[in-house]
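Just below is one structure, and these are the notes that go with it.
Per chain, numbering begins at 1; letters A, B, ... match sequence-line order. The analysis underlying the following values was restricted to heavy atoms, covering all of them including side chains, and did not include hydrogens, waters or symmetry mates.
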Amino acid sequence: MQPLFLYNTLTRKKEEFKPINPPLVGLYVCGPTVYSDVHLGNCRTFISFDMIYRYLVHLGYKVRYVRNITDAGHLEGDRDEGDDKFAKKAKLEQLEPMEIVQKYTVGFHDVMRAFNNIPPSIEPTATGHICEQIEMIKQIMDKGFAYETEGTIYFDVEKYNKDFSYGQLTNRKLDELLEGTRELSGQDEKRGRLDFALWIKAKPETLMRWPSPWGWGFPGWHIECSAMSSKYLGDVFDIHGGGMDLQATHHTNEIAQSQACNHKAPVNYWMHTNMLTVNGVRMSKSAGNGFLPGELFTGDHPLLEKGYSPMAVRFFMMQTHYHSTLDFSNEALQASEKGFERLMDSYSTLQTLKAGSSSSEDIKALQTKCYEAMNDDFNTPILVAHLFDAARIVNSANDNKLSLTQNDIDLLKTIYQNFVFDVMGLQTEQENSKANAVLAKVMSMVLDIRNKAKVDKNFPLSDEIRNKLTDAGVQIKDGKEGSSWKI
RNA sequence: GGUCCUGUGGCCGAGUGGCUAGGCUCAGCUCUGCAAAAGCUGCUACAGCGGUUCGAAUCCGCUCGGGACCUCCA
């Protein structure tokens with residue numbers, strides 16, 4: 001097997017991937033906070049890691065893929081106080097906090113399915129791991145890196161930085177970080193400006209609360225990922241992923257928590273996906289420029305000229321490297337839509353290709369190039385370029401402009417199966433199969449009638465049939481060996 | 001203000017020192033009764049200025065533009 005290289009945020013270098021216990025691989029990805037609909041930016045991260053997961057599996061690794069659901073403790077605002085997001089949203093929608101969680105978890109899963117993402121091996125929730133989080137906080141306190149102020153526990157960043165190094169993930173020194181933060185206001189209970197909450201004391205009106213050694217409260221945001229990742233993947237595991245916006249705070253604090261706990265760096269490879277932008281500006285909840293996946297599919301949004309299918313969107317994302325920003329525009333989306341269609345059409349053509357006695361193309365070399373692209377930090381844009389080469393070869397062979405042996409045809413089928421479907425997770429958009437079977441018969445009959453008209457040189461009739469079919473959304477392609485159609 | 005990323009042909013987007021991806025668009029050709037589809041060909045670009053080098057989109061410096069993080073966000 002060729003070595004796989006991936007970009008490690010921690011070292012800011014492409015490194016060869018060497019799992020701790022091959023063929024086992026531990027992969028943790030920060031999942032969504034389920035207090036509102038997922039928007040497309042989140043989806044990009046999950047689609048990227050779905051592709052990464054799929055490729056690792058394709059290479060033969062046994063991957064335990066953990067992606068959490070944050071359903072508690074994620075605070076509003078920059079201070080570690082006030083209600084959590086669920087309680088706030090619950091008040092707004094007049095629902096129980098757990099009703100909010102349920103509603104948006106279901107919605108999240110629906111969207112993941114639409115994008116053909118494989119569910120993770122384990123999808124733990126924060127509320128299901130309160131004990132583990134309390135236990136971890138206790139350990140951090142025992143090691144002396146956290147302190148209690150009136151029922152709230154804070155992580156002592158400056159003390160931690162004396163023994164370890166805080167902020168390696170963003171390559172920054174503590175002093176620089178301290179300069180960048182705002183002054184502590186009088187009401188703050190924490191000692192250091194960068195200190196963050198591990199456990200937050202519940203107010204009398206707080207709905208989501210749990211008992212702890214420090215009284216009733218709820219966990220801080222960062223501790224859940226540390227607690228759950230170590231529970232399911234061990235104190236040190238292979239890959240931790242998430243969006244780039246989590247790098248500076250959330251992931252930096254995860255490292256601090258784990259290291260304070262057991263004096264080991266928790267993760268060997270940190271991988272971050274880049275942001276999605278709309279007209280050059282980052283799509284985010286706070287900027288309010290995001291559209292929901294549902295709106296994207298239907299086209300029901302002021303920024304969208306039309307709807308785009310989940311697979312066209314997924315393909316669009318695959319045409320950009322996960323580490324680059326991706327700008328959303330109607331033109332770009334429509335270009336991808338057509339390209340995707342061409343690729344999938346060539347796949348159908350491939351199924352009917354007749355073998356020749358010799359080959360003029362080196363399909364094996366093409367396959368090797370596909371692996372090289374993926375082994376170079378999951379370079380899907382290059383992979384796509386090679387797959388379009390394959391499409392060109394298939395179409396040319398179909399036109400009898402070049403010849404392929406049965407072995408080559410079979411190898412092409414393997415390439416499509418492996419890379420288009422298994423690794424990139426694309427799929428043909430299937431309609432109801434029973435209706436399809438009927439339609440196929442009807443179309444075959446219609447094309448027969450039209451063909452007879454053509455033989456009789458009754459072109460007005462054949463053109464009328466073609467035009468009316470076009471209006472109905474069926475495209476006719478006249479080839480040398482008869483006509484074919486597609487929707 | 002601090003830290004960092006980025007600027008590629010009409011559009012989107014790969015590419016870290018020579019062999020100059022790919023998709024979409026546009027034009028021409030082949031095929032076709034005519035179209036469409038498909039194939040072929042063309043449009044050959046790297047913000048600007050300077051430097052290093054036999055050779056730079058790729059390395060260095062400066063200038064200008066865009067963006068991110070430092071505060072909840074994938």
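Put simply, the side chain of A:S329 gets close to the backbone of A:A332: a donor and an acceptor are under 3.5 Å apart. Put simply, the side chain of A:E254 never gets that close to the backbone of A:I223: no donor and acceptor are under 3.5 Å apart. Using a distance-only test at 3.5 Å, with no hydrogens or angles considered, no donor-acceptor pair links the side chain of A:H222 to the main chain of A:A197. Although no hydrogens or angles enter the test, the distance criterion places no donor-acceptor pair under 3.5 Å between the side chain of A:D238 and the main chain of A:L27.
Residue whose closest nucleotide on RNA chain B sits further toward the 5' end, between A:R450 and A:K338: A:K338.
One finds no side-chain N or O of A:N398 lying less than 4.0 angstrom from the OP1 or OP2 phosphate oxygen of B:rA38. A sub-4.0 Å separation between OP1 or OP2 of B:rA74 and a side-chain N or O of A:R67 is absent. Residue A:R342 places at least one side-chain N or O closer than 4.0 Å to OP1 or OP2 of B:rG39.
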What donor-acceptor contacts under 3.5 angstrom involve side-chain atoms of residues 365-372 of chain A, with partners at least two apart or in another chain?
unit_1: A:Q367; atom_1: OE1; unit_2: A:K364; atom_2: NZ; d: 3.3
unit_1: A:T368; atom_1: OG1; unit_2: A:K364; atom_2: O; d: 3.0
unit_1: A:Y371; atom_1: OH; unit_2: A:H58; atom_2: NE2; d: 2.7

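Closest to the A:R466 side chain, of the nucleotides B:rC34, B:rA74, B:rU25, is B:rC34.
The same atom, C1', is picked in B:rA21 and in B:rU44; the two are 13 Å apart, to the nearest Å. Straight-line distance between the P atoms of B:rU63 and B:rU20: roughly 35 Å, to the nearest whole Å. If you take atom P in B:rC12 and the same atom in B:rC46, they sit 16 Å apart, rounded to whole Å.
Within a heavy-atom distance below 4.0 Å of RNA chain B, the residues of residues 375-389 of chain A found are A:N379, A:P381, A:I382, A:A385, A:F388.
Using a 4.0 Å heavy-atom cutoff across all strands shown, A:T273 reaches no nucleic acid atom at all. No engagement by A:G241 is indicated, since no non-hydrogen atom pair under 4.0 Å with the nucleic acid exists. Across all strands, A:T249 comes closer than 4.0 Å only to sugar-phosphate atoms, never to a base (heavy-atom distances).
B:rA57: no Watson-Crick or G-U partner with both key distances under 3.5 Å is found in any strand. As the counterpart of B:rG39, B:rC29 is assigned, both hydrogen-bonding distances of the Watson-Crick or G-U wobble pattern falling under 3.5 Å.
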